[in-house]
**Student:** 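The structure is given below, and queries will be raised subsequently.
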There are 4 protein chains.
Amino acid sequence: MIRVAVVGAAGRMGTSVVQALEEADDMTLSLAVDGRDGLEGITSDNTDVAVEFTVPQASLDNVLTLVGRGVDLVVGTTGWTDEGLDQVRQALEQAPREHQSVFIAPNFAISAVLADHFAAKAAEYFTSAEVIELHHPDKVDAPSGTAIHTAQAIGKARRQAGLGPMPDGTQGAADSRGQVIDGVHVHAVRLQGLNAHEEVLLGNSGEQLSIRADSFDRSSFMPGVLLAVRTIASGSHPGLTVGLDRFLDL
Amino acid sequence: MIRVAVVGAAGRMGTSVVQALEEADDMTLSLAVDGRDGLEGITSDNTDVAVEFTVPQASLDNVLTLVGRGVDLVVGTTGWTDEGLDQVRQALEQAPREHQSVFIAPNFAISAVLADHFAAKAAEYFTSAEVIELHHPDKVDAPSGTAIHTAQAIGKARRQAGLGPMPDGTQGAADSRGQVIDGVHVHAVRLQGLNAHEEVLLGNSGEQLSIRADSFDRSSFMPGVLLAVRTIASGSHPGLTVGLDRFLDL
Amino acid sequence: MIRVAVVGAAGRMGTSVVQALEEADDMTLSLAVDGRDGLEGITSDNTDVAVEFTVPQASLDNVLTLVGRGVDLVVGTTGWTDEGLDQVRQALEQAPREHQSVFIAPNFAISAVLADHFAAKAAEYFTSAEVIELHHPDKVDAPSGTAIHTAQAIGKARRQAGLGPMPDGTQGAADSRGQVIDGVHVHAVRLQGLNAHEEVLLGNSGEQLSIRADSFDRSSFMPGVLLAVRTIASGSHPGLTVGLDRFLDL
Amino acid sequence: MIRVAVVGAAGRMGTSVVQALEEADDMTLSLAVDGRDGLEGITSDNTDVAVEFTVPQASLDNVLTLVGRGVDLVVGTTGWTDEGLDQVRQALEQAPREHQSVFIAPNFAISAVLADHFAAKAAEYFTSAEVIELHHPDKVDAPSGTAIHTAQAIGKARRQAGLGPMPDGTQGAADSRGQVIDGVHVHAVRLQGLNAHEEVLLGNSGEQLSIRADSFDRSSFMPGVLLAVRTIASGSHPGLTVGLDRFLDL
């Protein structure tokens, strides 16, 4: 039985994690805490893995504190910088236990992580590729961070395969052609009723490959969180690991 | 048996029309001609309806000539101006036969005409609506004329229903949000392998309606052309009619 | 203030209806009941309209009982047969009050109702049409009542237009070809993560029209339920009315 | 110069292969034959690789005959059974030349091969998976060979991951639920206007991954056929190889 603490348990993601833990047969909730004080109770005596979903300003401190206490972590808070990641790596080198682990992911939806991975894998075999992301209208940024990542991964795969620019008779001028990221056109739809969705279209003469990830609600992130907890608890990935694709057999 | 002449028979659309006529049980090809001279042979003695697919510079003269000879017309050439349409109306008033008819359509794909019509009909019942058009990369303009028409029809329906602006947390700034036409965001994808496609997304809290028209090749226009020929030959629409939606029972 | 009773109040739909009633300014919840015994308390003295969301085996009896007691009904239970509808009509003729009303709808989601309506409108213009419905895996019946209704509407439109059977080289034998309803193949997908979705595909040579309705959660049904309660309570539709499209401007 | 014979040269695929061979710089057409008698002329003296696109009833005999005559094969006919494949393996063991090769693929479209591969890769991470294939109405078999292959690959991946049966409240009875192949429901749509399409839907609580391959015309298969001919002619894959994914960098 994996003993799991939740940090940021009162937040929207944290609430879902607590519920998912209660439904998981192989895990038990050790502590559910919020705020700096809450961290006090989490130790390697009562917790195997802490799941951290807080805010960018608090996350680094939370992680460093818990690493220093010998606790492994699965972190879903976004906004990590390269400097922050380096601090985590250093903390892990001086950690009290051997083989301590921290896992950080910007996206725990397995469908989104797989779509991103498959799009990059397929990109070298297609003449054209474009990305459409669709979200609820309250989302402030456009395009989404995931869509930017997918476009960059496609652009990189095309360069490595020696592919040139995609054919485009409109010559890039029109507003309707979207934002160009690393040579890949990215379109952002904002529609009442939607949550978080991404579609990648890849085309050759006479054929199209479409890969689409739909995240209908927050429950979509839980399988990825539980998978990360299980993998970290197994001890198979000591040190810092970034990105859920690292835990998938791809 | 409806006797049909094809004007512009050597062009890409004309070739498809000739073939479609040969496969239609209720029609027979009277003449297949190209260029100005070809028109000479077409009269009301040998032809019930002439199908005209030529070029914008030639189409008006062709239509006026054949109207003057007592021949009804189905016209697929694009680029008609309001002045050109007025000249056709005047010619029809002085036509040799009573109840002569001319039909002009910018798009003969029934799926595209229906998608455009249904999107406008549905628009008043939804909080959000966006249009995505997808075409082969050789297309020069973006967005497509059909997508502009659809966006304008949605915008008009929303105004008539008293709906305000759609919710959009991105506040219109980002390139990825597409071109805004009459308050409706329009996105244009250009992808090798595609032909001509349009998708309209309409959203309410908890639900989405998607209407999509795919035109895979030129054969997609033939059912619309044959429908127009049959309707014009029936004499049910004397005078000038513009737009295939006028012949559909909607 | 419209006094509304909910029959099947402990079910998933019933729970949402109770909540929607509490948020509606012009309605009040008179009773929320479950099971046969529960019906006893509902009379025309305390209730204007009963909303009935139970199971196919119970719904007909519930409706006949309440009609006999002078209560108008909005019924969302699926699985109605022509015989059942006839029994409701007969009960209404002998009902204690004049102008009593029953409204039965296979689906209250506006996107689904529009998709169904548009599919029937479009059907006469296409050589082929098939229906795919996709639902969560807990749904007991397959295909959905909405999909059956859509298939029947397409079949009827095709007959009225004099269209023959659709082309099908597989000659109807294979299991994979789905269930044939009124000449229309209907496919039912059951997938974890989905809620209630329907896609109608219509095809001609070279073109396809796709109409898709996605209901992501039960909140999508509530505006339709409240619209039906208001319309029935207004007395504008005495007798039996089937389908939310009857209450829309189409 | 690779000398290639085409068996089934008058069929739709065969015609396209003959044309593609004529456009390929590194290949020459040795013979183009149809029917049993036609095979007589093909020998290892005049042909390096025979491309076989016939019908399921004829294909096994054709392959065994040509293997026995020392000719390598690229086979695109669908409907192969495990017994048939075993017979080919046995024939290859007793073949007249050393290192003889037979390549059989259920699909030569790169988008379809990638969709099949990605679906199998993703399957272990999802609670539910279903396959929808959509084809032109002249297709005789249903479901398609590719869809069967995809379903089997998903079924295998699920077994290897220790996943149990998918949740299904309909308990498998209804016709609309499609054909169950290796525990995976497969649906076949036949629609005028379509060519060859496959969509795989994978679902978890709150999320969906959709992978779709569209082959709009036969030109989409030719790069895969030529790649297979070149790979087989190179001698790099002696014995029986099944599936174009074996020749891709995945």
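Worth knowing before you read on, the calculation uses all heavy atoms, side chains too, and leaves out hydrogens, waters and symmetry mates.
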**Student:** If I compare all heavy atoms of A:S111 with all of D:E207, which pair ends up nearest, and what's the gap?
**Tutor:** OG-OE1, 2.6 Å
**Student:** Under 4.5 Å, heavy atom to heavy atom: which of residues 120-140 of chain A reach chain D? Give them by number, or say none.
**Tutor:** A:K121, A:A122, A:E124, A:Y125, A:F126
**Student:** Flag yes if more than 12 heavy atoms outside A:H149 fall under 6.0 Å of its NE2 atom; otherwise flag no.
**Tutor:** no
**Student:** Residue by residue, scan residues 208-224 of chain A and write down, ordered by number, those that have a heavy-atom distance under 4.5 Å to chain D; if none do, write 'none'.
**Tutor:** A:Q208, A:L209, A:S210, A:I211, A:R212, A:A213, A:D214, A:S215, A:F216, A:D217, A:S219, A:S220, A:P223
**Student:** Name the member of A:N195, A:L248, A:V200, A:L114 that forms the most heavy-atom pairs with chain D at distances under 4.5 Å.
**Tutor:** A:L248
